[in-house]
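For the numbers below, each heavy atom of this structure counts, side chains included, while hydrogens, waters and symmetry mates do not. For the single chain, residues carry numbers from 1 onward in sequence order.
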Amino acid sequence: MKLFYHLFGYLLLGMIALIGIDEYLSIRAEIRQFEVAMINNAVQDGRSISGMISHVWQESGEERALQLINDAGRSETMQIRWVWTDTLFDEIPLTRAEKEQFDDLARGEAVSLKLQGRNGDLRRYTYVPVDIGEPRQGALELSQALVPLSSYTKSTLLRSFTVTIFLALISGLILYFFIDRKIRAPLNKLMEQAKRIGEGDLSPDHSVTGNDELTDMARTMNDMCSRLIIANEKIKFEYDARLKTLDQLRHTERLSTFGLLSADIAHELGTPLNVVDGRAKMIINERLTPEEIVSCATIIRNQAERMTVIIRQLLDFTRRPKQHIAQENIAFQIKQIFQLLYPMASRQQVAFSLNKADDVEVVLNVDGPQIQQVLTNLLMNSIQAMPNGGKVVVTMTNEM
């Protein structure tokens with residue numbers, strides 16, 4: 001909105017300035033035409049009167065001619081009097097440039113000047129030479145008040161000002177509605193679309209229509225959204241493929257670990273199998289009392305349960321689980337791994353030990369199978385790092 005109002009304000013000011021300059025030039029031209037009309041009227045009236053005054057002066061004398069001039073000079077809009085050119089400069093203070101214009105009067109041409117009147121008001125004086133048949137040169141002085149020109153100027157200025165205001169208002173309203181519809185509204189839609197893109201909504205917006213630059217920008221943004229959607233789908237596909245590959249690698253690693261443990265696990269299963277086989281042969285081949293038979297059966301069951309636990313641990317270790325975050329007891333998992341790796345550790349004379357304080361937080365929100373794989377790899381590396389035997393101590397503490 002700020003850009004919209006700035007643009008509208010600058011355009012409106014520029015338009016007012018252009019209209020104002022045009023009106024100013026028009027007013028100056030009209031005022032000049034008005035002054036030219038005043039001069040022409042005064043010259044025409046003076047020449048009309050000068051012919052009659054010249055005839056009367058030569059036929060009836062100076063007194064009769066001056067009387068006619070006084071009678072003609074009683075008009076409200078124009079005053080006429082007789083002046084002698086040789087004493088004119090004594091009556092009216094003139095500048096050097098104004099005095100030079102009176103040289104035309106000596107050559108028989110009319111002269112018009114703006115001069116300060118006898119009452120202090122600004123008036124236009126027009127001098128028309130009159131041939132009276134004497135060596136001394138005289139002229140008619142036609143004096144016009146500039147009040148009509150001032151009134152005309154004021155009325156023209158008021159009219160121009162009013163026209164300028166109305167033109168500015170009408171043009172401003174037209175400009176406002178045009179900019180509001182063609183610029184502000186599409187810009188707001190583009191801004192809203194940009195915000196949605198920033199928030200992750202890449203759906204295209206086809207509400208901006210037309211054939212201007214803003215429409216081209218909207219089409220470009222829609223094309224960008226389409227390309228971003230395709231790129232996101234490609235990234236998601238690649239991410240899923242990487243997760244799948246990583247899961248396969250983890251499973252392969254677990255199977256590799258199982259291969260390393262298989263020989264030791266087979267040896268671990270051999271002991272309970274021998275016990276089960278021996279006790280079963282005793283039951284079959286020997287005469288046993290009922291108490292001895294129950295004792296043998298109990299031993300067989302215990303060994304079977306031991307083998308079941310070992311096999312279940314192997315199956316849980318090699319199974320490919322889905323990622324699942326849940327509460328897991330890390331201390332319990334470490335003990336399970338101790339049991340799983342016991343055959344390998346005992347063969348290399350390595351002992352396991354868990355060092356845990358009573359206030360240690362052992363329940364965490366983790367992915368159990370992945371934590372089990374990490375801990376198994378660490379303990380297997382510890383066993384392989386001690387070929388001459390030793391002790392592996394796992395310490396659990398709370399880190400702040």
Of all heavy-atom pairs between [X] and [Y], which one has the smallest distance, and what is that distance?
X	Y	value
C225	I197	SG-CD1, 3.3 Å
P129	Q137	CB-NE2, 4.0 Å
L140	G46	CD1-O, 3.7 Å
S50	V130	CB-CG2, 3.6 Å

Would you say that [X] contacts [Y] through its side chain, given a criterion of any heavy-atom pair below 4.5 Å between the two side chains?
X	Y	result
T126	D45	no
F352	I383	yes
L228	M224	yes
L68	I49	no
L66	E63	no
K195	E192	no
S112	V43	no

Identify whether [X] and [Y] are in the same connected component of the hydrophobic contact network (ILVMFWY, side-chain heavy atoms under 4.5 Å).
X	Y	answer
I170	L173	no
I165	L18	no
V392	F338	yes
V393	V350	no
F332	I330	no

Identify each donor-acceptor pair in which a side-chain atom of residues 52-60 lies under 3.5 Å from a protein atom, sequence neighbours left out, and give them as a table.
{"from": "S54", "atom 1": "OG", "to": "D131", "atom 2": "O", "distance (Å)": "2.4"}
{"from": "W57", "atom 1": "NE1", "to": "E134", "atom 2": "OE2", "distance (Å)": "3.2"}

Can you tell me how far [atom2] of [Y] sits from [atom1] of [X], rounded to the nearest 0.5 angstrom?
X	Y	atom1	atom2	value
L113	R123	CG	CZ	14.0 Å
I334	K356	CD1	NZ	10.0 Å
M38	N40	CE	CG	11.0 Å
N41	L142	CG	CG	11.0 Å
S382	L378	OG	CG	6.5 Å
M386	Q349	CE	CD	11.5 Å

Within 6.0 Å of [atom1] in [X], more than 12 heavy atoms from elsewhere:
X	atom1	answer
R47	CZ	no
R136	CZ	yes
R196	CZ	yes

Next on the checklist: Working note: V394 + L375, criterion side chain to side chain contact (heavy atoms under 4.5 Å, CB included); need CA distance, chi angles, decisive distance, verdict.
Outcome noted: CA-CA 10 Å; V394 179; L375 294 174; over 6 Å; no
Checklist entry - Parallel, tilted or perpendicular: which fits the ring planes of Y127 and Y125, with parallel below 30° and perpendicular above 60°? => result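 Judged by the thresholds at 30° and 60°, the geometry between Y127 and Y125 is parallel.
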